[in-house]
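One structure is given below, encoded as structure tokens.
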Amino acid sequence: MADTKKLYIKTYGCQMNVYDSERMAEAMGGAGYEATDTPGDADMILLNTCHIREKAAEKVYSELGRLKGFKADNPDLKIGVAGCVAQAEGEEIMRRQPAVDLVVGPQSYHRLPEMEAKIQQGEKALDTDFPEEDKFEKLKSRPKAKRGPTAFLTVQEGCDKFCAFCVVPYTRGAEVSRPVDRILTEARDLVERGVREITLLGQNVNAYHGHGSDGDWSLAKLIWELDKVDGLERIRFTTSHPNDMMDDLIEAHGTCSKLMPYLHLPVQSGSDKILKRMNRSHDRDSYLRLVERIRAARPDILLSGDFIVGFPEETEADFQDTMNLIEEVKYGQAFSFKYSSRPGTPAAERALVDDGEATDRLHRLQGLITHQQREIQDSMVGRDVSVLFEKPGRFEGQMMGKSEYLHAVHVMETDAVIGDLRRVRIVESRTNSLAGVMIPD
Ligand code: SAH
Ligand code: SF4
Ligand code: F3S
């Protein structure tokens, strides 16, 4: 029997890449590879990449430069690039870094085993097709090994929204929803393997409209079906687009006890002028009204957002509109970025805002967000939450888990083990986490 080979995967970018990396490792398992955490031991190194901002893409090339050195020590080592940089730049990657043997896009990685056989013959392999077949149908069913208490599950991919700044519609392709029965089977399978919390993933997850027993299902309907799965305790989903926040989904936040009170709802900007130029197809007011309706259904929901500052033609007044939208909404969590011009997107042609000015705006916005995050965290002190324990903490006897609001909670002197879902009283708010004590059952 041939020796087992070792595969090292490094994942960049969003949660969907985390999920894809798991699926790629499984696909390569069928081709005789087992996963390793040590790149020095690997027979194959795969970078699962992100193209969302220039920095993210450049990181890949500097990492490839470093990995070239590994090839000097181990001439049999194979290097592959997967994910969104692979999709966007294709052959260009091999031109810029000849040490790369394989380039595979996010919609064709079910073909990895065939591609691996090809590169073992000394050839190069490139596949950035958007194939007709569904990669998830082609991938073997998932292995039965025990796993941790939380998991991602991709239900929808791609994006038809074409925000003027964004590469995702080009790197991931058009919106596609996976069929209901495949998702339910995968979810039950995950639960059998120890998973208690599933985060449903999609670039526009709430645009989900997968085929079910009686026509197309909405995300809310899918969530209600998952609610019936015994042993599954928590359901989350990300990322949502404001325009696809349908009534049944808002209502589910108020009535479905397994659906966690946390919602990532990016708005990008608070200025109507900029939202229009971004081609966001919602305005400031419709977003604020939507937030009101969501909070009416679930008053304690924790909202998280994404913001871009320094988008072309953003003035100080536009930026102030973003700041006062943040003041109005009050986010428990937010991700903010300086606009990065991406080749091939409509906004790439437009004049940039002065870089120093954009950096200054980013700092001011992040200051406000940090302040809000901290205020919301501080307001948790004295409250009882449920914590799903995920791993040991840094100190002896300490465990770490997440509350229903996705706050990291550290608990000392606990008998809780990984996978337990227990009540905890919050006693302290720290920079990026909460401290709690167990509440006796
Ligand atoms: N589908 C998700 C976003 C995926 S990208 C959604 O619509 O919310 C994640 C975030 O990266 C975006 O929300 C946006 O804030 C940021 N982003 C995307 N393109 C960017 C660019 N060109 N420059 C800076 N930030 C960008
Ligand atoms: Fe990108 Fe906009 Fe689609 Fe989100 S909705 S993935 S920001 S194009
Ligand atoms: Fe990045 Fe692709 Fe995700 S560009 S954010 S890895 S969809």
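Excluded from the calculations below are hydrogen atoms, water molecules and symmetry mates; all remaining heavy atoms, backbone and side chain alike, are included. As the structure lists them, so they are numbered: ligands from 1, and atoms in each ligand from 1. Everything numeric here is computed off the predicted structure, so don't read it as measured data.
Considering only non-hydrogen protein atoms, atom 11 (O) of ligand 1 sits nearest to R53 NH1, 3.2 Å. Of the protein's heavy atoms, D306 OD2, 3.4 Å lies nearest to atom 10 (C) of ligand 1. Among protein heavy atoms, atom 1 (N) of ligand 1 sits closest to Q203 O, 2.7 Å. Counting only heavy atoms of the protein, atom 7 (O) of ligand 1 lies nearest to R280 NH1, 3.9 Å. For atom 5 (S) of ligand 1, the closest non-hydrogen atom of the protein is I52 CD1, 3.4 Å. Ranking the protein heavy atoms by distance from atom 21 (C) of ligand 1 puts S340 O, 3.6 Å first.
Nearest to atom 6 (S) of ligand 2 by heavy-atom distance, out of V168, D244, N204, is V168.
Looking at R361 and V353, their side chains come closer than 4.5 Å, going by heavy atoms from C-beta outward. Taking 4.5 Å as the limit, every side-chain heavy atom of K402 sits out of range of all side-chain heavy atoms of M260. Contact check for L112 versus L102: side-chain heavy atoms found under the 4.5 Å cut-off.
Per-residue contacts place C166 under 4.0 angstrom from the following atoms of ligand 2 (heavy atoms of the residue considered): 1 (Fe), 6 (S), 7 (S), 8 (S). Every atom of ligand 1 is numbered from 1 in the order shown, and the set under 4.0 Å from a heavy atom of R342 is 22 (N). In the vicinity of Q203, heavy-atom distances shorter than 4.0 Å reach the ligand 3 atoms 7 (S). Applying the 4.0 Å criterion to heavy atoms of T239 picks out, from ligand 1, the atoms 2 (C), 6 (C), 8 (O). Counting the atoms of ligand 1 from 1 in the order shown, those under 4.0 Å from a heavy atom of P266 are 8 (O). Heavy-atom proximity to P169, at under 4.0 Å, picks out these atoms of ligand 2: 8 (S). Listed by atom number, the atoms of ligand 1 under 4.0 Å from Q268 heavy atoms are 12 (C), 13 (O), 14 (C), 15 (O). Here is the list of ligand 2 atoms found below 4.0 Å of a heavy atom in H241: 5 (S). Per-residue contacts place C163 under 4.0 angstrom from the following atoms of ligand 2 (heavy atoms of the residue considered): 2 (Fe), 5 (S), 7 (S), 8 (S). Which parts of ligand 2 touch F162 is read off a 4.0 Å heavy-atom cut-off, strictly below it: atoms 8 (S). Heavy-atom proximity to F165, at under 4.0 Å, picks out these atoms of ligand 2: 7 (S). When each atom of ligand 1 is checked for a heavy atom of K338 under 4.0 Å away, the hits are 24 (C).
In this structure, OH on Y19 lies 8.5 Å from CG on L201, to the nearest 0.5 angstrom.
Between the side chains of D318 and S271, a donor-acceptor pair is found at a separation under 3.5 Å. Using a 3.5 Å distance cut-off with no hydrogens or angles, the side chains of Q87 and Q107 do not pair a donor with an acceptor. Using a 3.5 Å distance cut-off with no hydrogens or angles, the side chains of D306 and H264 do pair a donor with an acceptor. Between the side chains of S386 and R234, a donor-acceptor pair is found at a separation under 3.5 Å.
Within the cation-pi definition used here (under 6.0 Å to the ring centroid, within 45° of the axis), R178 qualifies as a partner of F136. A cation-pi arrangement, defined by a distance under 6.0 Å to the six-membered ring centre and an angle within 45 degrees of its axis, is present between R96 and Y61.
Look at C159 and atom 1 (Fe) of ligand 2: no N/O/S atom of the residue is under 2.8 Å from the metal.
For atom 2 (Fe) of ligand 3, protein N/O/S neighbours under 2.8 Å (waters excluded) are C84 SG.
No close placement of the Y33 and Y8 rings is indicated, their centers lying 6.0 Å or farther apart. Taking the ring centroids of Y262 and H407, they lie at or beyond the 6.0 Å cut-off. Checked against a 6.0 Å centroid threshold, the rings of F165 and F337 do not count as neighbours.
With Y405 as the fixed residue, the side-chain contact (heavy atoms from CB on, under 4.5 Å) test singles out one of Q333, R383, Q377: R383.
Remark: D247 engages R293 in a salt bridge, criterion side-chain N to carboxylate O under 4.0 Å. We find that D378 and R374 are joined by a salt bridge, their nearest charged nitrogen and carboxylate oxygen being less than 4.0 Å apart.
Residue F165 touches ligand 1 through backbone and side chain together, judged by heavy-atom distances below 4.0 Å.
For residues 39-56, the pairs satisfying side chain to side chain donor-acceptor pair (under 3.5 Å) are S21-N48, H51-E89, H51-R342, with sequence neighbours left out.
Atom 16 (C) of ligand 1 is flagged as protein-proximal [any protein heavy atom, distance under 4.0 Å].
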